[in-house]
Amino acid sequence: MSLTKKDLDLIRQVIDDSMRDTNNPLKLELKADILDFKLEILKEIKALREEVAVTISYRDMIAKNEEDIKKLINIHPSFSHT
């Protein structure tokens with residue numbers, strides 16, 4: 001079950017209210033949690049980018065191999081050297 005707009009607005013309001021109180025000890029903890037969460041997301045994005053780079057590299061290698069195979073088939077259509 002996903003969150004509704006009303007749920008998200010309520011969450012946003014609670015966070016906004018807690019952030020207004022500068023003496024609130026939860027403020028620093030919340031900021032730290034948010035930063036930790038952002039770091040996790042950034043690490044995942046970095047890992048995904050690395051995976052995409054590897055995938056693109058493999059795709060290029062496969063395309064080159066397919067071209068080479070087509071060239072060989074044109075040279076040797078019957079797959080024999082006779």
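What you see is a predicted model, and the numbers here were worked out from it, not measured in a lab.
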Could you walk me through whether Asp9 and Lys6 pass the salt bridge (charged side-chain N to carboxylate O under 4.0 Å, His left out) test, one step at a time?
CA-CA 5 Å; Asp9 289 341; Lys6 184 178 177 182; over 6 Å; no

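With contacts defined as side-chain heavy-atom distances shorter than 4.5 Å, the pair Ile73/Ile69 qualifies.
Applying the side chain to side chain donor-acceptor pair (under 3.5 Å) test to pairs two or more places apart or on separate chains, none has a residue in residues 34-63.
Under the 4.5 Å side-chain heavy-atom criterion for Ile, Leu, Val, Met, Phe, Trp and Tyr, Ile34 and Leu42 are members of distinct hydrophobic clusters. Cluster annotation: Met61 is connected to Val54 through the hydrophobic network of ILVMFWY side chains, with a link wherever side-chain heavy atoms come within less than 4.5 Å.
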